[in-house]
Amino acid sequence: MLLILLTLPATAQGRKSVSVLGDSYSTFEGYVEPSTNELWYYAKPKASQTDVNDVTQTWWHQFITRNGFLLEKNNSYSGATVSTTGYQGNDYSERSFITRMKNIGSPDMILVFGATNDSWAGSPIGEFDWNNVAGGNMKEFRPALAYMLTYLKNRHPNAEIIYIINSDLKPEITSSVAEACDRLGIRHIQLHDIDKTAGHPNKKGMTQIADQLTDFIAR
């Protein structure tokens, strides 16, 4: 019994920790930090919104469970944009990825799943300025994206960062994420054929995301 107790902490410490930096696709009631973040997925959802009603059905829970990982932190916020420009041109600084990227703990793996709302909201695209990533116009997508990814690389030099690119985004959004990731040596996965209800993955779609991501990391 003593031997078992002594090996339990070592086993837990040997498991890879994962943090999620996301938007509505990665939320679930009671499983985001901070708890004040707005949600899309609830234990008792509206039928017209989704059939996802249990945290174990989410893409990230399936992915982490299947691969024997540990959840470090899920800082996801419904409606969040990478840039600070949201819907109707409103200031989304509070929920933006570049604000929340500083609150994801110290994980071994970082899963970034964003840019969907920048695409849907029509946030300004802007241009990359790789010589001044911290001084760009954070109201625009490309400068904010470059700043976020550079920060994550520098702040978490030993973490594996994977960017999940949603299906059906504007071409300029998709290509910008791929370009920035390639420049910084960040792996990225392009999702395809994801089942959705009201624009968000349903139960089937969640499993499809987990499947595609699990296949991706095995390459």
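As the structure is a computational prediction, the values presented were derived from the model and not from experiment. Along the sequence shown, residues carry numbers from 1.
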> Tell me which pairs pass ring pair (Phe, Tyr, Trp, His ring centres under 6.0 Å) where either residue lies in residues 166-188, with sequence neighbours left out.
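Non-adjacent pairs meeting ring pair (Phe, Tyr, Trp, His ring centres under 6.0 Å): zero.
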> If every non-hydrogen atom of P143 is compared with every non-hydrogen atom of N137, which pair is closest and at what distance?
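Closest heavy-atom pair between P143 and N137: CB-O, 3.4 Å.
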> Considering only distance and modelled atom types, tabulate donor-acceptor pairs under 3.5 Å from the side chains of residues 146-157, sequence neighbours left out.
unit_1 : atom_1 : unit_2 : atom_2 : d
T150   : OG1    : A146   : O      : 2.7
K153   : NZ     : L184   : O      : 3.1
N154   : ND2    : T150   : O      : 3.3

> Once you round to the nearest 0.5 Å, how far does CD1 of I186 lie from SG of C181?
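Reported to 0.5 Å precision, the distance equals 5.0 Å.
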> Could you give all pairs that pass the salt bridge (Lys or Arg N to Asp or Glu O under 4.0 Å) test and reach residues 120-133, with sequence neighbours left out?
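For residues 120-133: E127-R142.
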> When the side chains of residues 18-29 are checked against the rest of the protein, which donor-acceptor pairs come out under 3.5 Å, sequence neighbours left out?
unit_1 : atom_1 : unit_2 : atom_2 : d
S19    : OG     : K73    : N      : 3.4
S19    : OG     : I104   : O      : 2.6
D23    : OD1    : Y25    : N      : 3.2
S24    : OG     : H200   : NE2    : 2.9
Y25    : OH     : N166   : ND2    : 3.0
Y25    : OH     : G199   : O      : 2.5
S26    : OG     : W59    : NE1    : 3.2
T27    : OG1    : S24    : O      : 2.9
T27    : OG1    : W40    : N      : 3.0
E29    : OE1    : A43    : N      : 3.0

> Who are the salt bridge (charged side-chain N to carboxylate O under 4.0 Å, His left out) partners of R95, not counting sequence neighbours?
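Once residues adjacent in sequence are excluded, the partners of R95 under the salt bridge (charged side-chain N to carboxylate O under 4.0 Å, His left out) criterion are E38.
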> To the nearest 0.5 Å, tell me how far T214 OG1 sits from I64 CD1.
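With rounding to 0.5 Å, OG1 (T214) is 10.5 Å from CD1 (I64).
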> Atom CD1 in I164, atom CH2 in W60: separation rounded to 0.5 Å?
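I164 atom CD1 to W60 atom CH2 measures 12.5 Å (nearest 0.5 Å).
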> Heavy-atom distance under 4.5 Å between the side chains of T58 and T56, does that happen here?
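A side-chain contact is absent here, since even the closest heavy-atom pair is not under 4.5 Å.
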> Any chance the side chains of N117 and Y87 put a donor and an acceptor closer than 3.5 Å?
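Their side chains do contain a donor-acceptor pair, which is all the 3.5 Å distance test asks for.
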> Restricting to pairs with a member in residues 163-184, which pass salt bridge (Lys or Arg N to Asp or Glu O under 4.0 Å), not counting sequence neighbours?
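Salt bridge (Lys or Arg N to Asp or Glu O under 4.0 Å) check on residues 163-184 returns D168-K196.
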> Got a donor-acceptor contact below 3.5 angstrom from the Q49 side chain to the A198 backbone?
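No, Q49 side chain to A198 backbone: no donor-acceptor pair under 3.5 Å.
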> So does Y92 get a backbone contact from the side chain of T84, meaning a donor-acceptor N/O pair under 3.5 Å?
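Pair absent, no side-chain N/O of T84 close to backbone of Y92.
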> Which pair of heavy atoms, one from Q212 and one from I194, lies closest together, and at what distance?
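Closest heavy-atom pair between Q212 and I194: NE2-CD1, 3.5 Å.
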> Would R100 pass as a cation-pi partner of Y77, given that its NZ or CZ must be under 6.0 Å from the six-membered ring centre and within 45 degrees of the axis?
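R100 over Y77 ring: no.
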> Does the R15 side chain pair with the main chain of G68, one donor and one acceptor, at a distance under 3.5 Å?
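Checking the backbone N and O of G68 against the side chain of R15, a donor-acceptor pair under 3.5 Å is found.
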> In terms of side-chain heavy atoms, does Q62 have a donor or acceptor partner in T207 at a distance below 3.5 Å?
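Checked: Q62/T207 side chains pair up, N/O donor to acceptor below 3.5 Å.
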> For S175, give me all partners under side chain to side chain contact (heavy atoms under 4.5 Å, CB included), at least two apart in sequence or on another chain.
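Side chain to side chain contact (heavy atoms under 4.5 Å, CB included) check on S175 returns nothing, list empty.
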> To the nearest 0.5 angstrom, please state how far the CD1 atom of I110 sits from the CD1 atom of I162.
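Separation between the atoms: 10.5 Å.
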> Are any non-hydrogen side-chain atoms of M206 and Y41 less than 4.5 angstrom apart?
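Heavy-atom side-chain distance check passes, below 4.5 Å.
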> Considering all heavy atoms of both residues, which atom of V82 and which atom of G114 are nearest to each other, and what is their separation?
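For V82 versus G114, the nearest heavy atoms are CG2-C, 4.3 Å.
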> Does a side chain donor of either S17 or D108 reach within less than 3.5 Å of an acceptor in the other side chain?
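Judged by distance alone, the side chains do pair up.
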> Under the 3.5 angstrom rule, does the side chain of N90 hit a backbone N or O of G86 as a donor-acceptor pair?
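Here the side-chain-to-backbone pair does not exist.
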> Who are the side chain to side chain contact (heavy atoms under 4.5 Å, CB included) partners of T65, not counting sequence neighbours?
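Counting only residues at least two positions away or on another chain, T65 forms a side chain to side chain contact (heavy atoms under 4.5 Å, CB included) with H61.
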> Other hydrophobic cluster members with V32, side-chain heavy atoms of Ile/Leu/Val/Met/Phe/Trp/Tyr under 4.5 Å, chained?
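Under the 4.5 Å side-chain rule, V32 groups with L39, Y42.
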> Taking all heavy atoms of K102 and all of I98, pick out the closest pair and write down the distance.
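Heavy atoms only, the tightest pair is CE-O, 4.5 Å.
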> Can you sort out the partners of K203 under side chain to side chain contact (heavy atoms under 4.5 Å, CB included), two or more places apart, ordered by chain and number?
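Checked K203 against side chain to side chain contact (heavy atoms under 4.5 Å, CB included); matches are D51, V52, N53, Q57.
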> For the residue pair T99 and S96, confirm or rule out a side-chain donor-acceptor distance under 3.5 Å.
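Looking only at side-chain atoms, S96 and T99 do form a donor-acceptor pair, the distance falling under 3.5 Å.
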> Would you mind reporting whether L191 and I209 have side-chain heavy atoms less than 4.5 Å apart?
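A side-chain contact exists here, since the closest heavy-atom pair is under 4.5 Å.
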> Considering non-hydrogen atoms only, spot the tightest contact between P201 and T50 and give its length.
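Minimum heavy-atom separation between P201 and T50: O-OG1, 4.0 Å.
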> Check side chain to side chain contact (heavy atoms under 4.5 Å, CB included) between T85 and all other residues, then give those that pass, not counting sequence neighbours.
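For T85, the residues satisfying side chain to side chain contact (heavy atoms under 4.5 Å, CB included) (neighbours in sequence not counted) are S83, S123, P124, K139.
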> Which residue pairs satisfy the salt bridge (Lys or Arg N to Asp or Glu O under 4.0 Å) criterion with at least one member in residues 210-219, sequence neighbours excluded?
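Non-adjacent pairs meeting salt bridge (Lys or Arg N to Asp or Glu O under 4.0 Å): R66-D211.
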